[in-house]
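First up is the structure itself, then whatever we jot down about it.
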Amino acid sequence: EKVAAEKVAAEKVAAEKAAAEKAAVQKAAIEQIASAKETASTASFSVWKTSAFPEKISVSDKKVNTYNVRDALARVARLRTCYSSYDIVEEINNNRNFRLSDQEVYLSFYKGVTKDNVQYIADSLKENDTLESLSISCGGIGGNGGQAIGGLLRVNRTLTRICLRHTFIGNRGVSFISRALKVNKTLEYLELTQNYIGDRCAHDLGEALKVNKTLTYLDLKYNSIGREGAQYLSEGLKVNNTLTFLNLQSNHIGNEGAKFIAEALKVNNTITDLDLTYNDLGDEGIQYIGEALKVNNALTHFKLGDKHFFDDDDYLFFDPWVGNASVQSIAEALKANNTLTEFHLSVTKIGEESVYCIGDALKVNTSLTKFYFHVAENGDESVKHISEALKVNNTLQEVRLEGRTHGKGESAL
C-alpha cells in the first residue's frame with residue numbers, strides 16, 4: 001500500500017509539472033501574439049492545434065490562424081508555432097471534406113504532398129476567398145497535380161502567387177496550368193522551377209502569355225527548354241505587355257534560342273529582368289543579344305553566361321569562353337543602351353582591342369551604376385583601359401575587377 005501510494009503521488013507530481021510546463025508554453029505564445037498584434041496591421045487570427053496546443057487558442061475573442069501569424073506576424077514577433085504541412089496533409093487524408101479557414105492568406109508545403117492528396121488541397125481552395133499564396137516544394141504531385149492546380153486557377157479569384165518547385169509536374173501538368181492562365185485574372189507570380197519542362201510546355205506557356213494580362217513574374221529555371229521552346233516563348237513575349245521578370249537559367253536554348261529571345265527583346269517593352277545564365281551560348285548567341293540591347297529600352301537587369309565566379313544575383317553575366325567578336329558586340333550595345341543599370345562580364349581571355357572597346361563603352365554609357373569584370377588572362381590591360389574610362393564616367397557607383405594581373409593594372413587604377 002505504501003509503494004502504491006508513493007507511485008500515485010509521484011504520478012500526480014509529474015502531471016502537475018507537465019501541466020505547468022504546458023501552461024507556460026501557451027502563456028508565452030499568447031504573449032508573443034499579443035505583442036505582435038500591437039505592431040502588425042492584421043489583427044484577426046486563429047491558432048490551429050499543434051503538439052504544444054491540443055486546443056484552439058483564443059486571443060481577445062479573435063481566432064488566430066497560424067498561417068496568418070507566420071505571414072503577417074512572424075516577421076515582427078519571429079513566432080514559429082506554425083501548423084505543419086504534414087499535419088494539414090494528414091487532416092486532408094483523414095477528412096475528405098476538409099476546408100481551409102477563411103482566415104488563410106498564405107499556405108506552404110515542403111514535401112508530404114503527393115498526387116493522391118493534391119486534388120483535395122485544390123478542391124479545398126476553390127471555395128476559399130482569402131488565400132493569396134500557395135507553395136508546394138519537393139512533392140511528387142506529377143501531371144495529375146498540375147491538372148488539379150490548373151483547375152483551381154480557373155475558379156479561384158484571390159491567389160496571386162503560386163510556387164511549384166521540384167514537384168515533377170512535367171509537360172502534362174504545366175499544360176493544364178498554361179491553359180488556365182488564359183482565363184485566370186488574378187495570378188501575378190508563377191514559379192515552376194525544376195519540373196522537367198521541355199519545348200512542348202514552352203509552347204503552351206507562350207500561347208498563354210499572348211492573352212494573359214496579370215502575370216508579371218515567371219520563373220522557369222532548371223528545366224529542359226531548348227531552341228524550339230525559346231522560339232515559342234519569344235512569340236508570346238512579342239505581344240505580352242505585363243510580364244516584367246523571366247528566368248530561364250539552366251535550360252538549353254543555345255545560340256538559336258538566343259536569337260529568338262533577342263528578336264522578342266527588340267519589340268518587348270515590359271521585361272526589366274531577364275536571366276539566361278547556363279544556356280549553352282557562344283559568340284553567335286551573344287552577338288544576337290548585343291544587337292537586341294542596342295534597341296531595347298526596358299531591360300535593367302540582364303544575366304547571361306556563367307555565374308560560377310560571383311555570388312551576386314542582379315548583374316549581367318557572360319560565359320567565360322566567349323571571344324572577341326561577342327565582347328565587342330556587347331561593348332557597342334552598351335554605348336547605345338540607356339536602361340541597363342548593372343553589368344557583369346566574365347571571360348577567360350580577350351584581346352587588348354576588345355578590352356579597349358569595353359573601356360570606350362564605359363566612357364559614354366550613362367546608365368550603368370555597377371560594373372563587375374572578370375578576365376582570367378590579360379588582366380593588366382583590362383584594368384588600365386577601365387581605369388582610363390573611370391576618369392570620365394560620372395554614373396558608376398561600384399566597380400569590381402577580378403582576374404590575373406602582374407602589378408601594372410593595380411598601379412594604373
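Heavy-atom basis, side chains included; hydrogens, waters and symmetry copies ignored. Predicted model only: the values in this text are computed from it and were never measured.
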Using the rule given for side-chain contact (heavy atoms from CB on, under 4.5 Å), can you reason through Leu237 versus Leu209, listing the C-alpha separation, both sets of side-chain angles and the distance that settles it, and then say yes or no? CA-CA 7 Å; Leu237 293 176; Leu209 288 176; 4.2 Å; yes

Step-by-step side-chain contact (heavy atoms from CB on, under 4.5 Å) determination, Ile162 to Ile177: CA-CA 11 Å; Ile162 286 184; Ile177 293 175; over 6 Å; no

Could you give me the CA-CA distance, side-chain angles and deciding distance for Asn365 and Phe343, then say whether side-chain contact (heavy atoms from CB on, under 4.5 Å) is met? CA-CA 11 Å; Asn365 182 279; Phe343 174 57; over 6 Å; no

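Thr167 and Asn195 share a side-chain donor-acceptor pair at under 3.5 Å. Counting only N and O atoms by type, the side chains of Asn144 and Arg172 include a donor and acceptor under 3.5 Å apart.
For the atom pair CD1 of Ile289 and CG of Leu299, the computed distance is 9.0 Å after rounding to the nearest 0.5 Å. Between the CG atom in Asp275 and the NE2 atom in His301 there is a gap of 12.0 Å [rounded to 0.5 Å]. Taken to the nearest 0.5 Å, the CG atom of Leu390 stands 10.5 Å off from the NZ atom of Lys363. Considering CD of Glu284 and OG of Ser329, their distance stands at 11.5 Å, rounded to 0.5 Å. Distance check, rounded to the nearest 0.5 Å: CG of Asn393 to CG of Leu368 gives 8.0 Å. To the nearest 0.5 angstrom, Glu342 atom CD is 11.0 Å from Leu396 atom CG.
Closest approach of Gly359 and Ala389 over heavy atoms only: O-CB, 3.2 Å. Closest non-hydrogen pair, Arg154 versus Ala180, comes out as CG-CB, 3.9 Å. The minimum heavy-atom distance between Thr186 and Arg157, with the atom names listed, is CG2-O, 3.2 Å. What you find for Ser326 and Ile286 is that their closest heavy atoms are CB-CG2, 3.7 Å. Nearest heavy atoms, Leu164 versus Ile169: CD1-CD1, 4.1 Å. Between Thr277 and Asn279, the shortest heavy-atom distance links the atoms O-ND2, 3.2 Å.
Applying the ring-ring contact (aromatic ring centres under 6.0 Å, His included) test to residues at least two apart or on different chains, the pairs with a partner in residues 135-174 are His166-Phe168, Phe168-Tyr196. For residues 241-268, every residue pair satisfying the ring-ring contact (aromatic ring centres under 6.0 Å, His included) rule, not counting sequence neighbours, is listed here: Tyr217-Phe245. The ring-ring contact (aromatic ring centres under 6.0 Å, His included) pairs that include a residue from residues 130-165 number zero, where partners must be two or more places apart or lie in different chains.
A donor-acceptor distance shorter than 3.5 angstrom exists from the side chain of Thr160 to the backbone of Glu132, with no hydrogens or angles considered. Formation of a donor-acceptor pair under 3.5 Å by the Ser250 side chain with backbone atoms of Tyr278 is not found in this model. Looking only at distances, a side-chain donor or acceptor of Asn223 sits under 3.5 Å from a matching main-chain atom of Ile197. Looking at Asn212, its side chain does come within 3.5 Å of a backbone N or O of Leu181 through a donor-acceptor pair. Proximity of a side-chain donor or acceptor of Thr272 to a complementary backbone N or O of Ala298 within less than 3.5 Å is not detected. For Thr216 (side chain) and Thr244 (main-chain N/O), no donor-acceptor pair under 3.5 Å exists by modelled atom type. Between the side chain of Thr214 and the backbone N or O of Leu187 there is at least one donor-acceptor pair closer than 3.5 Å. Ser224 places no side-chain N or O within donor-acceptor distance of the main-chain N or O of Gly198, the cut-off being under 3.5 Å. Judged purely by atom type and a 3.5 angstrom limit, Asn338 has no side-chain atom pairing as donor or acceptor with the backbone of Ser367.
A salt bridge is defined here as a Lys NZ or Arg NE, NH1 or NH2 lying under 4.0 Å from an Asp or Glu carboxylate O, and Glu191 with Arg165 meets this definition. The existence of a salt bridge linking Glu388 and Lys391 is confirmed by a sub-4.0 Å separation between a basic side-chain nitrogen and an acidic carboxylate oxygen.
Between Ile358 and Phe371 the shortest side-chain heavy-atom distance falls below 4.5 Å. No side-chain heavy atom of Ile253 sits under 4.5 Å from any side-chain heavy atom of Leu233. Between Glu263 and Ser234 the shortest side-chain heavy-atom distance does not fall below 4.5 Å. Contact of the Ile271 side chain with the Leu243 side chain is registered, since non-hydrogen atoms from C-beta on lie closer than 4.5 Å. The shortest distance between side-chain heavy atoms of Val174 and Asp204 does not fall below 4.5 Å. The closest side-chain heavy-atom distance from Thr300 to Leu340 is not below 4.5 Å. With a 4.5 Å cut-off on side-chain heavy atoms, Ser178 and Glu207 do not count as touching. In this structure the side chain of Lys213 never reaches within 4.5 angstrom of the side chain of Lys185, judged on heavy atoms.
In this structure, Arg179 forms a cation-pi arrangement with Phe176, its terminal cationic atom sitting closer than 6.0 Å to the ring centre and no more than 45° off the ring axis.
Ring-plane geometry between His385 and Tyr356 is classed as perpendicular, the angle between the planes exceeding 60 degrees on a 0 to 90 degree scale with a lower cut at 30.
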